[in-house]
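For this chain, numbers begin at 1 and follow the sequence in order.
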Amino acid sequence: MRLAVLILLAINTLFTSLAVHAGANAQQVFGLSEYVYIEELGVRYKAKIDTGAESASINAINAKVEKGRGKKDDLVHFDLVLPNNTLKSVSLPLSKHIRIKRRAADYGEDEKDYSRRPVLELTLCVGGQSHKVEVNLADRRQFSKPMLVGSDPLTAFGALVDPSKKYLQDKSLCPIKADSEEHDE
(Lines give C-alpha, C1' and ligand atoms only; values in the text may rest on other atoms or scores of the structure.)
Protein backbone atom coordinates (compact mmCIF):
# COMPACT_ATOMS: atom_id res chain seq x y z
CA MET A 1 0.00 0.00 0.00
CA ARG A 2 2.80 2.41 0.90
CA LEU A 3 4.57 1.58 -2.35
CA ALA A 4 1.43 2.38 -4.36
CA VAL A 5 1.06 5.77 -2.61
CA LEU A 6 4.74 6.57 -3.23
CA ILE A 7 4.42 5.64 -6.90
CA LEU A 8 1.28 7.79 -7.30
CA LEU A 9 2.99 10.67 -5.51
CA ALA A 10 6.05 10.36 -7.78
CA ILE A 11 3.87 10.25 -10.91
CA ASN A 12 1.90 13.30 -9.75
CA THR A 13 5.13 15.21 -9.06
CA LEU A 14 6.50 14.25 -12.48
CA PHE A 15 3.37 15.40 -14.33
CA THR A 16 3.18 18.63 -12.35
CA SER A 17 6.81 19.50 -13.10
CA LEU A 18 6.33 18.65 -16.80
CA ALA A 19 3.25 20.89 -16.98
CA VAL A 20 5.07 23.78 -15.29
CA HIS A 21 8.10 23.30 -17.56
CA ALA A 22 5.93 23.18 -20.70
CA GLY A 23 4.11 26.36 -19.66
CA ALA A 24 7.38 28.19 -19.01
CA ASN A 25 8.61 27.30 -22.49
CA ALA A 26 5.38 28.19 -24.31
CA GLN A 27 6.26 30.28 -27.33
CA GLN A 28 4.24 32.90 -29.14
CA VAL A 29 3.49 32.11 -32.76
CA PHE A 30 3.82 35.09 -35.09
CA GLY A 31 2.42 35.25 -38.59
CA LEU A 32 4.26 36.60 -41.62
CA SER A 33 2.93 40.05 -40.64
CA GLU A 34 2.15 41.35 -37.15
CA TYR A 35 1.17 44.63 -35.51
CA VAL A 36 4.06 46.06 -33.50
CA TYR A 37 3.64 48.94 -31.06
CA ILE A 38 6.78 50.98 -30.35
CA GLU A 39 6.39 52.41 -26.86
CA GLU A 40 8.96 55.24 -27.07
CA LEU A 41 7.44 56.52 -30.32
CA GLY A 42 3.77 55.93 -29.53
CA VAL A 43 3.25 54.32 -32.93
CA ARG A 44 1.84 51.00 -34.06
CA TYR A 45 3.07 49.61 -37.39
CA LYS A 46 2.26 46.68 -39.57
CA ALA A 47 5.55 44.78 -39.62
CA LYS A 48 7.00 42.16 -41.90
CA ILE A 49 8.31 39.20 -39.90
CA ASP A 50 11.50 38.08 -41.63
CA THR A 51 13.59 35.25 -40.17
CA GLY A 52 16.19 35.86 -42.90
CA ALA A 53 17.02 39.30 -41.51
CA GLU A 54 18.90 39.69 -38.24
CA SER A 55 17.70 43.00 -36.87
CA ALA A 56 14.60 45.17 -36.82
CA SER A 57 14.20 48.36 -38.82
CA ILE A 58 11.64 51.16 -38.94
CA ASN A 59 10.73 53.66 -41.63
CA ALA A 60 12.74 56.81 -40.97
CA ILE A 61 14.45 59.39 -43.16
CA ASN A 62 16.87 62.30 -42.77
CA ALA A 63 18.80 60.72 -39.89
CA LYS A 64 21.57 62.90 -38.48
CA VAL A 65 23.79 62.05 -35.52
CA GLU A 66 24.71 64.79 -33.06
CA LYS A 67 27.77 64.04 -30.97
CA GLY A 68 27.14 64.26 -27.24
CA ARG A 69 29.25 66.66 -25.23
CA GLY A 70 30.95 65.49 -22.07
CA LYS A 71 29.06 62.55 -20.63
CA LYS A 72 25.97 63.10 -22.76
CA ASP A 73 24.94 60.39 -25.23
CA ASP A 74 25.08 60.93 -28.98
CA LEU A 75 21.62 61.77 -30.29
CA VAL A 76 19.96 60.74 -33.53
CA HIS A 77 17.61 63.29 -35.05
CA PHE A 78 15.33 61.84 -37.71
CA ASP A 79 11.95 62.07 -39.37
CA LEU A 80 9.79 59.08 -38.53
CA VAL A 81 7.50 58.16 -41.42
CA LEU A 82 4.14 57.51 -39.80
CA PRO A 83 1.62 54.98 -41.12
CA ASN A 84 -0.37 57.80 -42.76
CA ASN A 85 2.86 58.93 -44.55
CA THR A 86 3.23 62.13 -42.53
CA LEU A 87 6.52 62.86 -40.77
CA LYS A 88 7.21 63.22 -37.07
CA SER A 89 10.53 64.76 -35.95
CA VAL A 90 12.18 62.61 -33.29
CA SER A 91 15.43 62.76 -31.30
CA LEU A 92 16.61 59.72 -29.34
CA PRO A 93 19.92 58.43 -27.94
CA LEU A 94 22.12 56.53 -30.40
CA SER A 95 22.89 52.97 -29.34
CA LYS A 96 25.41 52.22 -32.10
CA HIS A 97 25.80 52.01 -35.88
CA ILE A 98 25.51 48.82 -37.94
CA ARG A 99 26.43 47.87 -41.47
CA ILE A 100 23.72 46.38 -43.66
CA LYS A 101 24.81 44.59 -46.83
CA ARG A 102 23.26 46.15 -49.93
CA ARG A 103 21.86 44.20 -52.86
CA ALA A 104 24.27 44.16 -55.81
CA ALA A 105 21.67 45.86 -58.02
CA ASP A 106 21.49 48.81 -55.58
CA TYR A 107 25.04 50.08 -55.89
CA GLY A 108 27.58 50.88 -58.58
CA GLU A 109 31.09 49.57 -59.10
CA ASP A 110 32.68 52.48 -57.19
CA GLU A 111 30.21 52.42 -54.28
CA LYS A 112 30.27 50.58 -50.96
CA ASP A 113 28.48 47.21 -50.76
CA TYR A 114 26.93 48.14 -47.40
CA SER A 115 25.00 50.97 -45.84
CA ARG A 116 25.71 52.33 -42.37
CA ARG A 117 22.61 52.82 -40.23
CA PRO A 118 22.01 54.31 -36.78
CA VAL A 119 20.57 51.93 -34.18
CA LEU A 120 18.24 52.79 -31.29
CA GLU A 121 17.11 50.70 -28.33
CA LEU A 122 13.32 50.66 -28.46
CA THR A 123 10.61 48.77 -26.62
CA LEU A 124 8.49 46.71 -29.00
CA CYS A 125 5.15 45.26 -27.94
CA VAL A 126 3.55 42.36 -29.82
CA GLY A 127 0.59 40.40 -28.48
CA GLY A 128 0.89 41.96 -25.02
CA GLN A 129 4.55 41.06 -24.62
CA SER A 130 7.16 43.86 -24.54
CA HIS A 131 10.91 43.64 -25.10
CA LYS A 132 13.64 46.24 -25.51
CA VAL A 133 15.49 45.49 -28.75
CA GLU A 134 17.84 47.18 -31.18
CA VAL A 135 16.10 48.83 -34.13
CA ASN A 136 17.88 50.46 -37.06
CA LEU A 137 16.60 53.41 -39.06
CA ALA A 138 16.00 52.83 -42.78
CA ASP A 139 14.05 54.41 -45.58
CA ARG A 140 11.38 51.73 -46.05
CA ARG A 141 8.98 53.84 -48.13
CA GLN A 142 9.45 51.55 -51.15
CA PHE A 143 8.55 48.43 -49.13
CA SER A 144 5.09 47.05 -48.43
CA LYS A 145 5.54 47.29 -44.64
CA PRO A 146 7.06 50.25 -42.76
CA MET A 147 8.75 47.94 -40.25
CA LEU A 148 10.76 44.74 -40.41
CA VAL A 149 11.32 42.38 -37.48
CA GLY A 150 14.24 39.97 -37.88
CA SER A 151 15.62 36.99 -36.01
CA ASP A 152 17.26 38.83 -33.08
CA PRO A 153 13.99 40.46 -31.91
CA LEU A 154 12.09 37.22 -32.64
CA THR A 155 14.51 35.42 -30.32
CA ALA A 156 13.92 38.06 -27.62
CA PHE A 157 10.19 37.37 -27.91
CA GLY A 158 10.72 33.60 -27.93
CA ALA A 159 8.61 33.58 -31.08
CA LEU A 160 7.95 30.90 -33.64
CA VAL A 161 6.85 31.99 -37.11
CA ASP A 162 4.05 30.45 -39.17
CA PRO A 163 4.54 31.92 -42.67
CA SER A 164 1.12 30.64 -43.79
CA LYS A 165 -0.67 33.05 -41.41
CA LYS A 166 -0.84 36.80 -40.78
CA TYR A 167 -1.68 38.87 -37.70
CA LEU A 168 -1.93 36.02 -35.19
CA GLN A 169 -1.21 38.29 -32.20
CA ASP A 170 -3.95 40.50 -30.72
CA LYS A 171 -2.92 44.14 -31.24
CA SER A 172 -5.28 45.33 -28.49
CA LEU A 173 -3.00 43.65 -25.91
CA CYS A 174 -0.48 46.46 -26.56
CA PRO A 175 -2.61 49.50 -25.72
CA ILE A 176 -1.74 52.90 -27.11
CA LYS A 177 -0.59 55.17 -24.25
CA ALA A 178 -3.04 57.94 -23.39
CA ASP A 179 -0.50 60.69 -24.11
CA SER A 180 0.47 59.22 -27.49
CA GLU A 181 -0.94 60.16 -30.81
CA GLU A 182 -2.99 57.36 -32.36
CA HIS A 183 -0.93 56.33 -35.37
CA ASP A 184 -2.22 52.90 -36.22
CA GLU A 185 -1.98 51.31 -39.61
Side-chain angles (χ1 to χ4, degrees), residues 22-63 75-98 100-103 115 117-185:
N25 289 331
Q27 295 180 298
Q28 285 183 295
V29 178
F30 288 8
L32 199 54
S33 298
E34 289 294 343
Y35 286 99
V36 178
Y37 178 66
I38 305 171
E39 293 180 12
E40 292 83 353
L41 302 174
V43 178
R44 184 174 10 239
Y45 285 117
K46 287 181 178 177
K48 176 182 180 181
I49 306 302
D50 185 353
T51 60
E54 285 183 32
S55 58
S57 63
I58 57 171
N59 198 4
I61 58 174
N62 305 321
L75 285 178
V76 183
H77 305 286
F78 60 97
D79 292 321
L80 182 67
V81 182
L82 298 171
N84 63 6
N85 286 322
T86 61
L87 300 178
K88 176 182 178 181
S89 293
V90 177
S91 296
L92 289 171
L94 175 71
S95 176
K96 65 181 184 181
H97 279 95
I98 60 167
I100 302 290
K101 187 154 178 64
R102 295 169 61 189
R103 295 182 317 158
S115 63
R117 296 184 190 168
V119 176
L120 311 171
E121 284 197 19
L122 298 174
T123 307
L124 307 185
C125 182
V126 181
Q129 193 180 133
S130 294
H131 292 281
K132 192 166 272 271
V133 300
E134 292 183 339
V135 178
N136 68 71
L137 304 179
D139 184 350
R140 296 190 51 82
R141 292 176 292 181
Q142 74 278 15
F143 294 105
S144 63
K145 301 283 186 297
M147 182 170 193
L148 179 130
V149 177
S151 61
D152 289 346
L154 292 171
T155 300
F157 278 90
L160 299 174
V161 179
D162 182 347
S164 70
K165 304 273 194 270
K166 291 183 178 181
Y167 306 110
L168 295 175
Q169 298 298 312
D170 184 353
K171 72 178 182 177
S172 69
L173 296 176
C174 298
I176 303 287
K177 291 181 183 173
D179 62 341
S180 297
E181 299 175 48
E182 176 79 25
H183 293 290
D184 187 5
E185 184 180 279

(message) Listing request: all disulfide (SG to SG under 2.5 Å) pairs with a residue in residues 120-176, at least two apart in sequence or in separate chains.
(response) C125-C174
(message) Checking the side chain of K48 only, and the main-chain atoms of F143 only, is there a donor and an acceptor separated by less than 3.5 Å?
(response) no
(request) Could you tell me which residues satisfy side-chain hydrogen bond (donor to acceptor under 3.5 Å, both in side chains) with K165, sequence neighbours excluded, listed by chain and number? (result) none
(request) Evaluate side-chain contact (heavy atoms from CB on, under 4.5 Å) for V149 paired with V126, printing each intermediate quantity in order. (result) CA-CA 11 Å; V149 177; V126 181; over 6 Å; no
(message) For N59, give me all partners under side-chain hydrogen bond (donor to acceptor under 3.5 Å, both in side chains), at least two apart in sequence or on another chain.
(response) none
Distance-only check: which donor-acceptor pairs under 3.5 Å involve side-chain atoms of residues 150-157, not counting sequence neighbours?
| residue | atom | partner | partner atom | Å |
| --- | --- | --- | --- | --- |
| S151 | OG | A53 | O | 3.3 |
| T155 | OG1 | S151 | O | 2.8 |

(request) Determine the minimum heavy-atom distance between S57 and R117, stating which atoms define it. (result) CB-NH1, 4.3 Å
What donor-acceptor contacts under 3.5 angstrom involve side-chain atoms of residues 75-83, with partners at least two apart or in another chain?
| residue | atom | partner | partner atom | Å |
| --- | --- | --- | --- | --- |
| H77 | ND1 | S91 | OG | 2.4 |
| H77 | NE2 | E66 | OE1 | 2.6 |
| D79 | OD1 | S89 | OG | 3.2 |
| D79 | OD2 | N62 | ND2 | 2.8 |

(request) Enter the distance from I49:CD1 to T51:OG1 here, rounded to the nearest 0.5 Å. (result) 10.0 Å
(request) Might you point out which heavy atoms bring A63 and L137 nearest each other, and give the distance in Å? (result) CB-CD1, 4.3 Å
(request) Indicate the atoms forming the closest heavy-atom contact of L41 with K88, along with that distance. (result) O-NZ, 3.0 Å
(message) Can you pull out every side chain to side chain donor-acceptor pair (under 3.5 Å) where at least one residue sits in residues 118-131? Sequence neighbours excluded, please.
(response) Q28-Q129, E39-S130, E40-T123, Q129-H131
(message) Quick check for you: to the nearest 0.5 Å, what is the distance between F30 atom CZ and L160 atom CG?
(response) 9.5 Å
(message) Using every non-hydrogen atom in the two residues, find where R141 and D139 come nearest and quote the distance to one decimal.
(response) NH2-OD2, 2.7 Å
(request) Calculate, to the nearest 0.5 Å, the distance between atoms CZ and CD1 belonging to R44 and I38 respectively. (result) 11.5 Å
(request) Kindly give the heavy-atom pair with the smallest separation between L168 and E34, and that separation in Å. (result) N-OE2, 2.9 Å
(message) R140: which residues meet the side-chain hydrogen bond (donor to acceptor under 3.5 Å, both in side chains) condition with it, sequence neighbours left out?
(response) none
(message) Under the rule for side chain to side chain contact (heavy atoms under 4.5 Å, CB included), what residues qualify as partners of Y167, not counting sequence neighbours?
(response) S33, Y35, K46, K145
(request) Evaluate the side-chain contact (heavy atoms from CB on, under 4.5 Å) criterion for residues V43 and I58: first the C-alpha distance (whole Å), next the side-chain angles of each, then the deciding distance (0.1 Å), finally the verdict. (result) CA-CA 11 Å; V43 178; I58 57 171; over 6 Å; no
(message) Show the nearest heavy-atom pair for residues L94 and P118, with the distance to one decimal.
(response) CD1-CB, 3.7 Å
(message) With rounding to the nearest 0.5 angstrom, report the NZ to CG distance, K132 to L120.
(response) 10.0 Å
